[in-house]
Amino acid sequence: MEGAEIIKAAAVLGAGICMGFGAIGPGIGEGFAAGKACEGVAREPENVNLITRTMLIGQAVSESTGIYSLVIALLMLFVIK
Amino acid sequence: MVRISKNEKIFLVCVLVIEVLLSFFIKMDMSTIAEPRAKLLTIFGWQIPFNGINIATVLNTWVIMGFLVWVAFVVSRRFTPIPSRLQSLIEMYVQGFDTLCREVLGDKRGRQYMPLVSTLFVFVVLSNWIGVIPSFWRVFKGLPHWMVIEEPTRDLNTTLGLGIMCFVIAHVSGIYFKGFGKYVAEFFEPMIEIGNMRIPNLFMGILNIVGEFGKTISHSFRLFGNILGGSIIIIVISNLTKYIGLPVFLNSFFGLFVGAIQAFVFAMLALVYISLMVNE
């Protein structure tokens with residue numbers, strides 16, 4: 001039974017590392033997009049609807065790598081017994 | 001300013017009190033995250049392929065579909081020149097998506113694709129919001145395990161089905177509007193030019209075809225991961241605080257706010273994928 005416990009421990013550890021490193025990229029990317037959107041709104045306040053919409057879509061696209069790491073982490077937590 | 005009548009105030013207070021009282025009895029320990037969902041394996045003695053049907057997902061989807069059909073058929077009969085509250089909400093939603101689609105796709109095709117995109121949005125947003133309702137009857141023992149309110153979008157089957165639907169619609173309308181030859185040729189751009197000859201770029205073709213499948217997968221996994229992650233965070237933190245106080249704010253952030261944003265993003269990305277295929 002010792003091998004199974006080591007596998008479970010490694011899976012839990014791997015899930016934590018996966019989520020931690022996977023959150024770096026989307027955090028930087030979404031913050032960058034939001035900052036640029038702020039600059040755009042400051043420059044052209046009449047286009048605020050278009051800028052917000054484009055920002056949301058760009059953020060959602062750059063978020064997908066974080067979502068992949070979330071799915072991998074969930075797989076490691078719940079599927080590996 | 002929205003006026004709330006006295007009856008509605010009484011109703012809201014009753015719901016709040018019932019929710020607070022029931023929150024002491026509902027035992028949703030952390031193992032409910034990982035436990036397998038109730039499945040329908042056989043129907044009339046016929047084995048269902050792909051490991052059966054998730055009953056809770058199907059029932060919740062039917063509830064949402066029934067609600068939408070009810071709104072479409074019954075409420076739209078009662079439309080008047082002076083709009084009621086529900087009617088002005090529906091008019092705002094239809095008008096918003098009409099302008100959005102016509103901005104992206106042009107006047108004529110925007111009108112054609114508006115029903116698809118707006119229906120996607122309202123179905124996904126209701127799917128995300130239905131998880132905010134607590135399943136009161138989970139307090140009583142002996143009821144079947146599948147009687148639970150949870151988001152249909154928590155299940156990968158729903159989101160992958162919607163994603164594949166958008167993929168098929170985008171590509172079929174691309175073939176329909178551009179013609180098959182031009183549709184295929186667009187995958188192999190930029191062409192290699194030697195003298196007067198233009199040779200299709202095979203490397204770019206492979207990359208583009210893989211990218212098309214990757215789009216569908218990320219489109220559906222984005223919605224699935226956001227909703228599943230949010231519901232897991234709600235359950236875990238609610239367990240830490242013993243269901244007192246904090247779940248209201250967690251539900252309003254991860255259920256209502258993130259649900260609305262993700263539904264809008266899902267519909268907008270479907271629109272953008274269609275416009276990439278349709279526009280020249």
Side-chain angles (χ1 to χ4, degrees), chain A residues 4-5 7-27 29-34 36-38 40 44 46-81, chain B residues 30-37 95-97 99-104 117 121 124 153-156 159-160 163 211 214-233 235-236 254 257-273 275-276:
Chain A
E5 282 169 5
I7 288 174
K8 182 67 189 164
V12 172
L13 196 62
I17 294 172
C18 170
M19 216 41 244
F21 277 104
I24 295 175
E30 288 185 29
F32 195 72
K36 286 289 180 190
C38 280
E44 297 171 15
E46 66 273 10
N47 281 344
V48 60
N49 284 330
L50 179 67
I51 291 172
T52 312
R53 210 165 61 214
T54 318
M55 182 195 82
L56 278 180
I57 291 171
Q59 283 186 335
V61 171
S62 69
E63 195 188 36
S64 55
T65 51
I67 296 299
Y68 295 153
S69 74
L70 173 72
V71 171
I72 298 292
L74 289 178
L75 281 179
M76 279 198 272
L77 276 181
F78 297 128
V79 175
I80 297 173
K81 295 289 182 204
Chain B
M30 310 257 256
S31 63
T32 51
I33 304 168
E35 77 188 9
R37 302 286 159 199
Q95 201 179 11
F97 270 93
T99 39
L100 197 68
C101 291
R102 282 191 294 158
E103 271 175 22
V104 177
V117 176
F121 170 76
V124 174
T153 39
R154 230 185 102 145
D155 192 357
L156 184 58
T159 58
L160 202 58
K215 259 187 207 170
T216 307
I217 291 171
S218 75
H219 191 197
S220 47
F221 265 85
R222 182 175 305 122
L223 183 59
F224 163 71
N226 269 295
I227 303 305
L228 182 67
S231 63
I232 286 176
I233 289 172
I235 291 181
V236 169
F254 288 108
F257 179 70
V258 174
I261 293 279
Q262 289 304 318
F264 182 70
V265 163
F266 192 87
M268 274 305 291
L269 280 179
L271 184 61
V272 167
Y273 291 159
S275 79
L276 281 180

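Every chain is numbered from 1, with letters handed out A, B, ... down the list of sequences. Just so you know, these numbers come straight off a predicted model, no measurement behind them.
- Residue A/Lys36 qualifies as open at atom NZ: its count of foreign heavy atoms under 6.0 Å is 12 or below.
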Should B/Ile232 and A/Leu74 be marked as a side chain to side chain contact (heavy atoms under 4.5 Å, CB included) after you check the CA-CA gap, both sets of side-chain angles, and the distance that decides it?
CA-CA 10 Å; B/Ile232 286 176; A/Leu74 289 178; 3.7 Å; yes
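- Looking at B/Ile261, only its side chain comes within 4.5 Å of chain A, counting heavy atoms on both sides.
- Across B/Leu223, B/Asn226, B/Leu228, a single residue satisfies side chain to side chain contact (heavy atoms under 4.5 Å, CB included) together with A/Ile67, and that is B/Asn226.
- Enclosure of atom CD in B/Gln95 is not indicated, since only 12 or fewer non-hydrogen atoms of other residues, nucleotides or ligands lie within 6.0 angstrom.
- With chain B as the partner, the residue from A/Thr65, A/Val61, A/Leu77 showing the most heavy-atom pairs under 4.5 Å is A/Val61.
- Smallest separation of non-hydrogen atoms from A/Ala60 and B/Val265: CB-CG1, 3.2 Å.
- Neither the backbone nor the side chain of B/Phe266 comes within contact range of chain A; no heavy atom of the residue lies under 4.5 Å from a heavy atom of that chain.
- Contact annotation for A/Val79: neither backbone nor side-chain heavy atoms come within less than 4.5 Å of a heavy atom of chain B.
- With a 4.5 Å cut-off on non-hydrogen atoms, A/Leu56 touches chain B through its backbone and its side chain both.
- Remark: side-chain polar atoms of B/Arg222 are not paired, donor with acceptor, to backbone N or O of A/Glu63 under 3.5 angstrom.
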